[in-house]
Amino acid sequence: MRILLYRGDGVIEPWAREFASIMPHAETVGWKEGEVLAPCDYAVLWNPAPALLEQLSLQSQLKAIFLMGAGVDALLKFGASLPEVPLVRLGDAGMGVQMAEYVAHAVLRYFRRFDEYEQQARHGAWHPLPQIPKEEFSVGVMGLGRLGMPVVEAMRHFGFPVLGWSRTPKSIPGVETYAGMDQLEPFLRGTRVLVCLLPLTSETANLLDRHNLGKLKPGAYLINVSRGAIIAEPDLMTLIRSGHIAGATLDVFRHEPLPAPHPFWNEPRISITPHISALTMRLEAVRQIADKIAALENGQPVGDLVDRTLGY
Ligand code: NAP
Ligand code: GLV
């Protein structure tokens with residue numbers, strides 16, 4: 001069995017080592033621009049080059065494409081030129097707990113006013129601030145999937161009022177759930193801290209614009225850990241400058257790395273991290289992919305299939 005390993009950043013050696021230890025019977029191959037790709041049974045990719053997908057779509061032997069991450073937008077943007085084989089994303093693979101840690105840190109930082117204490121400490125000020133009543137600090141999680149649910153559970157653990165929004169209706173104990181565009185407005189109006197864990201699709205691109213972010217409770221906070229293009233970035237700046245949004249913690253951006261002249265860098269109410277909220281755990285990922293390859297080889301179904309029509 002031959003498995004293609006490809007990453008846009010070129011770092012495949014550590015992946016090849018994990019595959020060699022977990023699937024010693026399989027041969028792994030790489031690919032570089034200008035090369036002719038050897039026939040492969042499976043491809044394991046992240047941020048593929050267009051020329052590579054062109055070659056893959058000509059391969060009759062290819063049985064499935066696996067992604068080295070959870071988001072599928074960078075692959076589905078190739079649309080009809082993608083090979084007609086199952087596309088399989090990573091499941092939780094250790095990302096859920098990281099998302100819960102990241103979001104809990106950001107929510108608690110705002111709720112316990114650590115952001116304000118950081119500022120005070122810079123000026124040598126010693127001023128205990130009034131505690132915010134927890135019932136006024138509702139957390140609305142957009143996206144109740146593999147990564148949204150661990151965040152919901154963490155927020156419930158700390159006793160925050162939790163709202164959730166998804167495409168299809170859900171019933172989650174202790175959570176006020178909303179579904180579909182018709183229920184977006186009441187979800188946003190009830191939310192003080194908005195956590196975005198939606199996939200980037202044609203329906204979610206630019207969803208969080210001035211109009212929708214403006215429906216959040218005054219003094220709201222935004223935590224975006226999914227994809228930057230879901231936020232209309234200039235609209236977010238406008239709402240932060242007006243004070244309607246009190247602060248934002250952003251891990252993902254429309255253009256990454258965030259360009260040096262971007263106004264977010266100089267806005268003290270915006271905290272920036274470099275797309276690290278939930279990293280791919282390589283060993284966990286390779287184990288998961290190896291199990292799914294074994295299932296496919298035995299004619300069994302696999303989970304985490306991408307729905308090309310829905311876009312996630
Ligand atoms: P998932 O399991 O596919 O869940 C997606 C959730 O979004 C589902 O609840 C889905 O609703 C909901 N949704 C999709 N389209 C919607 C729409 N139009 N309206 C309302 N709800 C919609 O995805 P996941 O594994 O939780 O991952 C979410 C995203 O996180 C990924 O797509 C990726 O972009 C991002 N991510 C970021 C990092 C990072 O380090 N920053 C790491 C990993 C992933 P249903 O439940 O009704 O289907
Ligand atoms: C990272 O952003 C991922 O989608 O896995």
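Atoms within a ligand are numbered from 1 in the order they appear, just like the ligands themselves. Just so it is clear, the values below take in all heavy atoms, side chains as well, and ignore hydrogens, waters and symmetry mates.
- Taking 4.0 Å as the cut-off between side-chain N and carboxylate O, D115 and R269 do not count as a salt-bridged pair.
- Using a heavy-atom distance under 4.0 Å as the criterion, the protein contacts of ligand 1 are A70, G71, R89, M95, M99, G143, L144, G145, R146, L147, G148, W165, S166, R167, T168, K170, L197, L198, P199, E203, T204, V225, S226, R227, D251, V252, H275, S277, A278, Y312.
- The list of ring pair (Phe, Tyr, Trp, His ring centres under 6.0 Å) pairs with a residue in residues 210-238, not counting sequence neighbours, reads Y110-Y221, F137-Y221.
- For the side chain to side chain contact (heavy atoms under 4.5 Å, CB included) test, residues two or more places apart in sequence or in another chain that qualify with T238 are R210.
- Taking a heavy-atom cut-off of under 4.0 Å, ligand 2 is surrounded by W46, G69, A70, G71, M95, R227, H275.
- For the pair M95/R146, no side-chain contact is recorded, criterion being any heavy-atom separation below 4.5 Å from C-beta on.
- Salt-bridge formation is not detected for the pair R167/E203: no Lys NZ or Arg NE/NH1/NH2 atom is positioned less than 4.0 Å from an Asp or Glu carboxylate oxygen.
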- Task: Could you give me the CA-CA distance, side-chain angles and deciding distance for E118 and R109, then say whether salt bridge (Lys or Arg N to Asp or Glu O under 4.0 Å) is met?
- Result: CA-CA 10 Å; E118 280 161 20; R109 177 168 172 262; 3.1 Å; yes
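- Seen from the ring of F66, K292 does not count as a face-on cation partner, given the 6.0 Å and 45° thresholds.
- Looking only at distances, no side-chain donor or acceptor of Q183 sits under 3.5 Å from a matching main-chain atom of W165.
- Under a 4.0 Å N-O distance rule, the pair E153/R156 does not qualify as a salt bridge.
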